[in-house]
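To start, the structure under review is shown below, and the notes come after it.
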Amino acid sequence: MSYLNELNEVQRKAVTNTDGPVLVVAGPGSGKTRVLTYRIAHLIEQGAAPWEILTLTFTNKAAKEMKKRIATVVGDKANKVWAGTFHSIFSRILRVEAEKIGYTSNFTIYDSDDSKSLIGNIIRGMGLDTKKYNSNAIRSRISSAKSKLLSPQAYANNEEWLLQDRMNARPMLAEIYKRYAARCKSAGAMDFDDLLFKLYELLDQNPDNVKEKYQQKFKYVLVDEFQDTNQLQYQIVKKLVEYEGSPNNICVVGDDAQSIYAFRGATIENILDFEKDYKSKGIKIFKLEQNYRSTDHIVQAANEVITKNRKQIQKKIWSDKGEGHKIKVIKAISDTEEGRRVADTIIEHKNRYHLSNSEIAVLYRTNAQSRIIEEYLRRQNVAYKIFGGQSFYQRKEVKDLLGYMRVVVNPNDEEAFKRVVNFPKRGIGKSSIDKIIAFASENGMSLWDSLGKVPLPAKATKSLGEFVKMIRSFQRVCETANAYDAASVISKKSGVTDALKGDSSVEGVNRLENMNSLLDGVKDFVDSDEEVVGLEDKSLASFLQTIALYTDQDEDKGDKEFVTLMSVHAAKGLEFKSILLTGLEENLFPSFMSMDSPDAIDEERRLFYVAITRAEQFLTLSFAKSRIQHGKMRYNPPSRFLEEISLNHIESTAVISGRRLSEPSRAGVSGNFKSNKRAAPALMIDPKDFQPSPSSEIKEGMEVLHLKFGKGKIVKIDGGVENRIATINFSQIDSPERRIMLKFARLQIVS
DNA sequence: GTTGGTATCTGTGGA
DNA sequence: AGATACCAAC
């Protein structure tokens with residue numbers, strides 16, 4: 001058991017206390033994954049059967065990584081451990097038990113686009129105002145209802161929720177939820193929340209004692225990232241663990257300070273309550289506070305920031321890695337300058353500290369920020385890879401081909417049916433489809449089953465007949481063929497690839513390539529000999545269920561060296577020698593969505609905490625004074641989180657672009673990063689009196705007004721047509737001569 | 001039913 | 001800015 005020697009004392013206790021309930025509070029970089037994997041390995045070494053161990057994670061990647069590390073201790077047996085995401089493990093169980101809840105095992109998984117589209121359809125079908133009933137808002141409301149265990153019936157009887165809906169002028173929400181659930185059911189589809197909710201219902205209703213079956217099967221239950229679970233997930237876990245005579249072998253691992261998924265129903269109360277819930281069962285609690293990842297300036301900055309939050313489990317992370325480098329702050333004038341300077345910093349890190357690309361990551365709050373960074377990395381010839389954002393599976397052409405596969409596997413799948421029934425065009429238009437939908441939902445049937453029962457124009461009837469025939473022929477292929485052979489036939493005969501072959505534009509070629517990559521993906525799935533418990537066949541149905549829950553960061557890095565670009569959310573659980581965290585501005589990070597809620601701000605702060613604790617040695621924080629957001633120039637002040645780090649952790653007296661940052665601002669706010677007089681003078685002009693002129697009208701010699709710099713005279717204009725730069729002499733400020741990009745400038749012509 | 005255009009709005013994170 | 005929704009003309 002040499003692996004026990006690789007652990008510190010607390011870690012070792014967390015690994016070897018295998019019986020009864022255990023809570024491991026694990027700070028960032030404290031060896032959490034090591035504890036979890038060694039604990040599982042230890043269980044197996046002590047005689048537990050691998051298939052009796054259930055380990056729930058949030059990403060496929062985490063599960064995969066864990067299995068790999070378990071295998072280094074116990075060998076191939078590791079593959080028999082049930083380790084996976086909540087969604088993937090539960091969908092495997094539901095596939096087996098589908099008949100018990102009125103589904104078939106080839107049910108479809110609706111992604112959020114499918115859900116949104118179906119909800120939009122229902123709203124329009126009910127004749128409701130699509131502005132009041134915004135399908136995204138409705139979808140997230142339904143999602144949060146499910147995550148709080150509210151079925152449509154329970155919702156309709158819940159005064160609190162109904163009242164909230166009335167106050168939001170959306171009294172029909174309960175009805176929409178009811179219809180949505182019914183439509184999913186007749187389509188043989190489950191959305192992401194259903195994968196949890198239906199399992200809960202299955203265990204709760206317990207047909208054929210299915211609950212006992214799984215209680216007995218899973219002797220040990222482990223949950224990673226417990227702070228990100230929602231009520232529903234916790235209740236399911238409890239159902240599996242709690243029964244008469246249960247040993248309560250449940251181990252949850254998490255860090256309340258890293259809870260960043262409240263927006264999808266996660267509740268920090270789960271980890272806060274866990275202790276209480278299992279006190280009488282002899283819970284043991286272990287706190288991992290030593291950070292093995294980062295040097296001290298980074299660790300202390302993180303501690304400082306997180307103390308500003310109100311609710312938390314007391315703990316203080318520490319490191320013995322030495323002081324390390326101070327945190328560097330980049331203050332950029334614009335988002336493009338930020339991109340340029342981020343790229344410069346990366347070059348510097350590579351040259352001066354000999355970091356390789358793979359040791360560097362650029363993080364941002366929103367995926368939309370990646371574009372500018374990308375541009376400057378390309379200019380500097382730095383290899384990079386963007387994670388997240390629009391995923392491969394959300395591209396139109398990929399969805400089209402997937403749509404065919406889905407209809408073949410489950411012809412009741414309404415969203416897939418709508419997508420492909422008239423693609424390529426075969427003369428089945430909106431009105432025909434609307435008629436079918438109306439008939440189907442009135443009779444509680446699927447669209448597919450309604451075909452032939454609805455009178456349609458002759459042309460539509462004929463094409464629909466051919467469509468049905470084609471799908472049936474694909475289904476026959478599927479009876480014997482594996483996923484790849486079936487997918488190849490479908491892609492050829494359905495006409496989706498032919499529709500693209502004529503398109504020789506760059507995008508067209510790209511689309512065809514994407515479709516081919518999808519086919520390659522099917523092939524990989526078929527050829528892979530990796531053993532996954534609960535997933536034993538290579539059918540098309542099996543492929544679809546796998547990829548529905550498959551996400552972005554699964555692809556291996558390969559041997560290519562690149563700088564990683566990703567959102568802060570996506571970076572959770574990862575670490576890099578150098579982290580560049582960008583866009584630290586109010587309304588961006590913290591997000592504007594969080595501005596009116598202290599709880600939401602706390603969550604943003606935890607997100608910031610997650611971001612900075614990814615860094616091992618170098619942390620660079622950047623913000624831009626101006627940035628194009630949603631097509632408009634925005635001027636956001638520096639993020640409050642920057643202010644929350646004390647200056648002694650920040651590099652070189654905080655001189656940034658030649659100006660001291662630490663001068664107190666005029667308003668008397670003791671902010672380190674609040675603008676001071678020289679950096680950005682207070683407004684000289686009342687915005688009410690200010691009307692910017694179109695930049696195209698600005699010419700040399702004119703007198704103009706600037707909100708902050710006051711009156712100025714245009715000395716000269718140079719630069720290209722698209723990028724005219726004016727040199728302006730502002731007589732009212734200290735250093736009067738300024739060079740201003742006209743396309744960004746807001747100037748009012750005086751004369 | 002299809003096509004192409006304009007108007008509108010929304011606007012984070014992700015299984 | 002970009003996607004989507006809607007509308008008018010073919």
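Order of the sequence lines fixes the chain letters, A, B, ..., with proteins taken first and strands second; residue numbering starts at 1 for each chain. Values below: all heavy atoms of this structure, side chains included; hydrogens, waters and symmetry mates excluded.
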Practice prompt. Please tell me which of His87(A) and Asn134(A) maps to the more 5' nucleotide of DNA chain B, matching each residue to the nucleotide holding its nearest heavy atom.
Written response: Asn134(A)

Worksheet item: For the residue pair Phe263(A) and Tyr261(A), does the interplanar ring angle fall in the parallel (under 30°), tilted (30 to 60°) or perpendicular (over 60°) class?
Response: tilted

Discussion item. Does Ser494(A) form a side-chain contact (heavy atoms from CB on, under 4.5 Å) with Val420(A)? I'd like the steps, not just the answer.
Written reply: CA-CA 9 Å; Ser494(A) 66; Val420(A) 302; over 6 Å; no

Fill in: Any Asn367(A) side-chain nitrogen or oxygen under 4.0 Å from OP1 or OP2 of dG13(B)
yes

Discussion item. If I compare all heavy atoms of Phe641(A) with all of Ile601(A), which pair ends up nearest, and what's the gap?
Written reply: CZ-O, 4.2 Å

Practice prompt. State which of dG13(B), dT10(B), dT12(B) makes the closest approach to the side chain of Ser591(A).
Written response: dT12(B)

Worksheet item: Between dG14(B) atom C1' and Arg139(A) atom CZ, what is the distance in whole Å?
Response: 10 Å

Worksheet item: Rounding to a whole Å, what distance do you find between Tyr110(A):OH and dA15(B):C1'?
Response: 18 Å

Worksheet item: Hey, does the Lys NZ or Arg CZ of Lys385(A) hover above the aromatic six-ring of Phe387(A), less than 6.0 Å from the centre and inside 45° of the axis?
Response: yes

Item to complete: Using heavy atoms to find the nearest nucleotide of DNA chain B for Phe58(A) and Arg634(A) separately, return the residue whose nucleotide is more 5′.
Response: Arg634(A)

Fill in: Nearest-Å distance for atom pair OH/P, residues Tyr364(A) and dG14(B)
9 Å

Item to complete: Could you check how far CG of Leu565(A) sits from P of dG13(B), rounded to whole Å?
Response: 14 Å

Practice prompt. Could you give the distance separating dG13(B) and dT4(C) at their P atoms, to the nearest angstrom?
Written response: 15 Å

Item to complete: Would you please determine if the base of dA15(B) is stacked by Phe86(A), with stacking meaning a centroid separation under 5.5 angstrom and planes under 30 degrees?
Response: no

Discussion item. Nearest whole Å is fine: how far is dC9(B) P from Asp129(A) CG?
Written reply: 11 Å

Discussion item. Check this one for me: any side-chain N or O of Ser432(A) less than 4.0 Å away from OP1 or OP2 of dG1(B)?
Written reply: yes

Item to complete: For Asn60(A) and Leu549(A), indicate whether the former's side chain and the latter's backbone hold a donor-acceptor pair under 3.5 Å.
Response: yes

Worksheet item: Nearest of dT12(B), dG1(B), dA15(B) to any side-chain atom of Ser431(A)?
Response: dG1(B)

Discussion item. Looking at Lys572(A) and Glu225(A), is any side-chain nitrogen of the basic one under 4.0 Å from a carboxylate oxygen of the acidic one?
Written reply: yes

Practice prompt. List the steps, then state whether salt bridge (Lys or Arg N to Asp or Glu O under 4.0 Å) holds for Arg419(A) with Glu415(A).
Written response: CA-CA 6 Å; Arg419(A) 173 169 281 275; Glu415(A) 292 305 308; over 6 Å; no

Worksheet item: Between Tyr364(A) and His569(A), does the ring centroid distance fall short of 6.0 Å?
Response: no

Fill in: Span of DNA chain C, from the first to the last nucleotide whose atoms fall under 4.0 Å of chain A heavy atoms
dA1(C) to dG2(C)

Item to complete: Measure the distance from OH on Tyr393(A) to P on dA15(B) and round it to the nearest whole Å.
Response: 13 Å

Worksheet item: Is it true that the NZ or CZ of Lys238(A) lies under 6.0 Å from the centre of Tyr234(A)'s six-membered ring and within 45 degrees of the ring axis?
Response: yes

Quick one: which protein N/O atoms are closer than 3.5 Å to N/O atoms of nucleotides 2-8 of chain B? Pair and distance per line, please.
| residue | atom | partner | partner atom | Å |
| --- | --- | --- | --- | --- |
| dT2(B) | OP1 | Gly427(A) | N | 3.2 |
| dT2(B) | OP2 | Asn422(A) | ND2 | 3.2 |

Practice prompt. Please report, rounded to the nearest Å, how far the P atom of dA15(B) is from the CG atom of Leu195(A).
Written response: 13 Å

Item to complete: State, without any angle test, whether Glu397(A) and Asn514(A) hold a side-chain donor-acceptor pair at a distance under 3.5 Å.
Response: yes

Worksheet item: Asn60(A) has an atom CG; how far is it from atom P of dG14(B), in whole Å?
Response: 14 Å

Discussion item. Counting only side-chain nitrogens and oxygens, does Ser594(A) get under 4.0 Å of the OP1 or OP2 atom of dT12(B)?
Written reply: no

